[in-house]
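All values derive from a computational prediction rather than experimental measurement. Chain identifiers are assigned alphabetically (A, B, ...) following the order of the sequence lines, protein sequences preceding nucleic acid strands; residue numbering begins at 1 within each chain.
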2 protein chains.
Amino acid sequence: MTDKIESFVMHCGEMGSRWGFNRTVGQMYGLLVISKEPLSAVQISEALNISRGNVSMGIKELQSWRLVQVQHKPKDRKEYYSPAGSIWEMAIRVFEERRKREVDPTLSLLRDNLLNEPANEEEQYAQVKMHEIHELLETITHWASELQSMSPDKLNTLMKLGAGVSKVIDIKDKLLKSN
Amino acid sequence: MTDKIESFVMHCGEMGSRWGFNRTVGQMYGLLVISKEPLSAVQISEALNISRGNVSMGIKELQSWRLVQVQHKPKDRKEYYSPAGSIWEMAIRVFEERRKREVDPTLSLLRDNLLNEPANEEEQYAQVKMHEIHELLETITHWASELQSMSPDKLNTLMKLGAGVSKVIDIKDKLLKSN
DNA sequence: TTAAACTTTCAGAAAATACTGAAACCTCAG
DNA sequence: CTGAGGTTTCAGTATTTTCTGAAAGTTTAA
């Protein structure tokens, strides 16, 4: 591994925990992303100086994020791993999985809590707040899933448009009104 | 604390680490959000059964996320804490801070790495990948900051529009062409 | 100035998390 | 079958993170 590649891989490790997994898993993913060829478990464990068992657990974790792909070479029983999908898909998946882990459980707790009538003033206030949070999270997750259903191409146009969308929406409103 | 409130606070604790801080900090923030009145450090430590020192550290952490506000009561030297801003602002801030912690360092590493010429084929491939990632992250962060500059109201319209934006953009394109 | 009432800090203890490596497990060619 | 070549599991260990509580620091009323 050259210095430049190593610095990238180590950085992925340091960021790993912030992105939702741990250091080693981050390194593993970084390594797979910048390696042209798929890597075997042993190659990964040697490149990163970690145990074979750890690689196995890491791969499992990455699979739960739908971020790696298993491949086989002819005449070779080993499994070879490579990143699943394009950089773009990778981003979408991380987003999606994080939503599942970070937002969905909260939404369901809030839904449950909002079913009961508040028993006193304290709970009354709490419910108002929970309701606000619930509404916000619903709006955001709904929007996110709509965005995800758009083609990468459309999404790109939209993002490049930036705050300009606002103007486009204004135009739409005017058109609707004048009809 | 009633059961319902406690379940919310404990949930915030469990989610805490997924949202970027730790259990106690999560609980503290949950508690502050659903409490009508600002709370003193001692009240927090009693409500959550944690040490006074831990509260101090937690508040510091929440302040670094710009999520709490300090208040004072007349004739009282204690500090009282309450959530800073509306639920909406809270979401914006968490987003913003996470971007700073999770994306910005990566962008700067990638920028640095992309300045050097690749020394061999391996690095050549690595750079292509890093370039892709860099471009994607740039587009997304740029877009995110544009969105943040929009008024909550406009943003709400936009989000409610959902995948419908795509149609609106198509209409705009047609209008431009016909001119 | 002083001291009471508070907040912050931080070394060490406790708890949580991640890693290793050996054993168990799978799979398939012979 | 069987054993070679591979993967997974998991108990125990190492590392990292978090929490405590006592000491140090700060502020202000008198």
Original post:
Looking at C/dT20, D/dT7, D/dC19, which one has an atom nearest to any side-chain atom of A/Ala41?
Top reply: D/dT7
Original post:
Atom CE of A/Met57 to atom P of C/dT17: distance rounded to whole Å?
Top reply: 14 Å
Subject >> Residue-phosphate contact under 4.0 Å: B/Asn22 side-chain N/O, D/dC19 OP1/OP2 >> reply: yes
Original post:
Quick one: which of D/dT20, C/dC28, C/dT9 gets closest to the side chain of B/Ser56?
Top reply: C/dT9
Original post:
B/Arg77 has a side chain; which of C/dT20, C/dA4, D/dT20 sits nearest to it?
Top reply: C/dA4
Original post:
Between D/dT27 atom C1' and B/His72 atom NE2, what is the distance in whole Å?
Top reply: 11 Å
Subject >> Beyond-backbone contact of A/Val70 with A/Tyr80, side-chain heavy atoms, under 4.5 angstrom >> reply: no
Original post:
Under 30°, 30 to 60°, or over 60°: which ring-plane class applies to B/Trp19 and B/Phe21, parallel, tilted or perpendicular?
Top reply: perpendicular
Original post:
Whole Å only: how far is the CD atom of A/Gln43 from the P atom of D/dG6?
Top reply: 12 Å
Original post:
Looking only at N and O atoms, is any donor in the side chain of B/Arg52 or the base of D/dT20 less than 3.5 Å from an acceptor on the other one?
Top reply: no
**OP:** Would you mind reading off the distance between A/Arg18 atom CZ and C/dT17 atom C1', rounded to a whole angstrom?
**Re:** 17 Å
Original post:
In terms of side-chain heavy atoms, does B/Glu79 have a donor or acceptor partner in B/Tyr81 at a distance below 3.5 Å?
Top reply: yes
Subject >> Between C/dA5 (C1') and B/Lys73 (NZ): distance, integer Å >> reply: 17 Å
Subject >> Position toward the 5' end of DNA chain D (nearest nucleotide), A/Tyr81 or A/Ser17 >> reply: A/Tyr81
Original post:
Does a side-chain heavy-atom distance below 4.5 Å link B/Ile59 with B/Val55?
Top reply: yes
Original post:
Can you find an N or O donor on one side and an acceptor on the other, under 3.5 Å apart, linking the side chain of B/Arg23 with the base of D/dT18?
Top reply: no
Original post:
Please give, in whole Å, the distance from D/dG6 C1' to A/Ile44 CD1?
Top reply: 15 Å
**OP:** Would you indicate which nucleotide in C/dT8, C/dT9, D/dT18 comes nearest to any side-chain atom of B/Lys60?
**Re:** C/dT9
**OP:** Could you work out which one of D/dT20, C/dG21, D/dT7 sits closest to the side chain of B/Asn54?
**Re:** D/dT20
Subject >> Distance in angstrom units between B/Phe21 CZ and D/dC19 C1', rounded >> reply: 18 Å
Subject >> Nucleotide nearest B/Ile50 (side chain, heavy atoms from C-beta), chosen from D/dT8, D/dT20, C/dC19 >> reply: D/dT20
Subject >> B/Lys75 NZ - C/dA5 P separation (whole Å) >> reply: 14 Å
**OP:** Determine, for B/Trp88 and B/Arg93, whether the Lys NZ or Arg CZ falls below 6.0 Å from the six-membered ring centre while staying within 45 degrees of the axis.
**Re:** no
